[in-house]
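Ligands are counted one by one from 1 in listed order, and the atoms in each one are counted from 1 as well.
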Amino acid sequence: MRLFRPILSLVLVLVTTLLVSCSSPTQAKIPTVYSPEKVAQLQSYREPIALARENMATLKQFIDAENWVNTRTFIHGPLGGLRQEMAAASRKLLLKDQKTAQNLAKELFVHFEKIDAAAKDRNVSLVNEQYAEAIKDFDAYLSLIPTNS
Ligand code: ZN
């Protein structure tokens with residue numbers, strides 16, 4: 001054991017040195033801007049999310065008409081796949097933007113849940129407030145995905 005410990009620390013030092021020397025070139029390679037190829041690739045991830053953003057106008061129509069059944073159906077139905085689409089797109093973003101994107105997506109769905117609850121309570125002002133918040137987070141999320149148009 002007395003001999004084993006120093007050897008172990010020496011091994012640890014070697015491993016650490018090796019890891020540091022291996023990881024630094026990799027770290028330098030982490031992209032900080034999108035390549036044109038990456039932008040092109042991201043369009044297929046952006047498309048369904050941008051479409052869902054456009055469809056928010058339909059949700060607004062239901063809210064304006066105080067049609068709470070359709071409002072709640074819309075949140076539980078057409079927006080269902082959005083969570084996965086946003087999660088998938090977030091993972092394809094620059095490393096520095098991934099956390100922001102994930103947080104915005106998380107917040108967006110909190111607003112949807114609040115719209116759902118407020119619609120159930122027929123609380124018009126709260127529904128509208130949460131709708132506005134959802135739009136803000138939605139647009140902020142989309143602004144993180146580069147477009148080639
Ligand atoms: Zn928010």
Exercise for review: For the Zn ion (ligand 1), state how many protein N, O or S atoms fall inside a distance shorter than 2.8 Å.
Suggested key: 3
Point to revise | Euclidean distance, Q98 CD relative to L93 CG, rounded to 0.5 Å | key: 6.5 Å
Review point. Is the backbone of F112 close enough, under 3.5 Å, to the side chain of Y131 for a donor and an acceptor to pair up by distance?
Key: no
Practice item. Any pair with a residue in residues 42-57 that passes salt bridge (Lys or Arg N to Asp or Glu O under 4.0 Å), sequence neighbours left out, goes on the list, sorted by first then second residue, please. Key: R53-D139
Review point. Is there a donor-acceptor contact under 3.5 Å from the side chain of Q43 to the main chain of P146?
Key: yes
**Study point:** Y141-F138 aromatic ring centre distance below 6.0 Å
**Key:** no
Review point. Between K60 and D64, is the closest basic N to carboxylate O distance under 4.0 Å?
Key: yes
